[in-house]
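Quick notes on the structure that follows.
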Number of protein chains: 2
Amino acid sequence: MENIRELFQVMTRRFGLLNKNCCSIDAVDISLVQSHILYEIDKREYPSMQEVAEVLGMDITTFSRQIQNLVKNGLVKKTPLPEDRRVYTLSLTTEGKFIATTLDREINRYLDEVFSHMTEFEKETVIRSIKLLNECMAKSSVCCKPLF
Amino acid sequence: MENIRELFQVMTRRFGLLNKNCCSIDAVDISLVQSHILYEIDKREYPSMQEVAEVLGMDITTFSRQIQNLVKNGLVKKTPLPEDRRVYTLSLTTEGKFIATTLDREINRYLDEVFSHMTEFEKETVIRSIKLLNECMAKSSVCCKPLF
DNA sequence: CATTTTATTTGTAAAATGCAAGTATATGTT
DNA sequence: AACATATACTTGCATTTTACAAATAAAATG
């Protein structure tokens, strides 16, 4: 049987490069970490700093500084939570949302292209496989908390 | 239909965290980039600097310095190529090989655990899916060169 | 032999990282 | 209420990582 890690390594490397390349679309030019942060904020409903930092496996202090930059660049808004003023709630500004959406479209467009090399049946099988994989990874206790 | 990018994002994030966590096994303590470099050198037959840097999508100058550290720490050997002395050939030292192997076993062990939550049939389907995906990504021209 | 190309390294400055310590707010205890 | 403890986030600081530009050194080309 083939080396399973290798399959993952190749796949995730490619997807990582894709994400990286997608960080500079015309005027937009953000770092890879920043794109991950935008993605997670966009996905969640007013998450706290901690929440996002943890999902991304980032040190909270590094994360704090990254957010400071994103706020300075007008992509992210930081709002103190009324019922617990230690907590800050994160959301995207209009421009942040625009960038996140553009990025998402770009990446999905690439993935569509990749899937165009398969039959409809294969495509569905692959997608179901990845979903199953994600579920099983979430179940696993060995390493890496559930993440969402 | 579900957002395909999201499926990838979750999966690769998890695998990334796994790689990260696996970087500090008992006495061993290397960085994530270093583990990727060791992996690629191990996989290939005396690759050149360029070759590895390109696969990893790293700037060659950054890569050069990372290799310097790995050589200093006794994990990698750099040998000038006799027939073209501009080129350096990379290989793992005994200790480097040991670390790469340990890491590989650790990660495969985790992946086995993940697959233990599936039936044998599901497992094979998932693995075949990832292989197919890798092939199609290699075919795609939109973004991200073939990589191997 | 001169010029150009290729593979790698070094200078340098900026950015990212993570630990330790700090601030501010909330929670729990007496 | 008063105090200690816990939590969410920030700042200081030293280290590491990064990447552009320029340098070196060895082919390849004309």
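Keep in mind the model is a prediction, meaning the values are calculated, not measured.
- Of the residues in residues 71-92 of chain A, those placing a heavy atom less than 4.0 Å from an atom of DNA chain C are Asp84(A), Arg85(A), Arg86(A), in numerical order.
- Taking only side-chain nitrogens and oxygens, Ser64(B) never comes nearer than 4.0 Å to OP1 or OP2 of dT8(C).
- Whole-Å rounding puts the Ile67(B) CD1 to dT10(C) C1' distance at 16 Å.
- With hydrogens and angles left out, the side-chain atoms of Ser129(B) and Ser129(A) include a donor and acceptor closer than 3.5 Å.
- Not one N or O on the side chain of Asp42(A) forms a donor-acceptor pair closer than 3.5 Å with the backbone of Leu38(A).
- Judged purely by distance below 3.5 Å, without hydrogens or angles, the side chains of Glu122(A) and His117(A) never pair a donor atom with an acceptor atom.
- Across the protein-nucleic acid pair, Ile37(B) atom CD1 and dT18(D) atom C1' stand 13 Å apart, rounded to whole Å.
- To the nearest angstrom, P of dA16(C) lies 9 Å from CE of Met58(A).
- Distance from the side chain of Gln50(B) is smallest for dT6(C) among the nucleotides dC9(D), dA19(D), dT6(C).
- The backbone N or O of Met137(A) lies less than 3.5 Å from no partner atom in the side chain of Ser140(A), so there is not a single donor-acceptor pair.
- Neither OP1 nor OP2 of dT17(D) sits under 4.0 Å from any side-chain N or O of Thr62(B).
- Proximity of a side-chain donor or acceptor of Lys20(B) to a complementary backbone N or O of Phe15(B) within less than 3.5 Å is not detected.
- Remark: the backbone N or O of Gly74(A) is paired with a side-chain donor or acceptor of Thr93(A) at under 3.5 angstrom.
- Following rounding to the nearest Å, Asp29(A) (CG) and dA19(D) (P) show an atom-to-atom distance of 12 Å.
- Comparing Met49(A) and Gln34(B) along DNA chain D, the residue whose closest nucleotide (by nearest heavy atom) sits nearer the 5' end is Met49(A).
- Rounded to an integer number of Å, the gap from Ile60(B) CD1 to dA21(D) P is 17 Å.
- Atoms CG (Asp59(B)) and P (dT9(C)) sit 13 Å apart, rounded to a whole Å.
- Which of dT17(C), dT10(D), dT10(C) sits closest to the side chain of Gln66(A) comes down to dT17(C).
- Note: CZ (Phe63(A)) to P (dT10(D)) measures 9 Å, nearest angstrom.
- If you check dT18(D), dT9(C), dT11(D) against the side chain of Gln68(B), the one that comes closest is dT9(C).
- With hydrogens and angles left out, the side chain of Thr61(B) and the base of dC20(D) share a donor-acceptor pair within 3.5 Å.
- Under the 4.0 Å criterion applied to side-chain N and carboxylate O atoms, Arg44(A) and Glu40(A) are assigned as salt-bridge partners.
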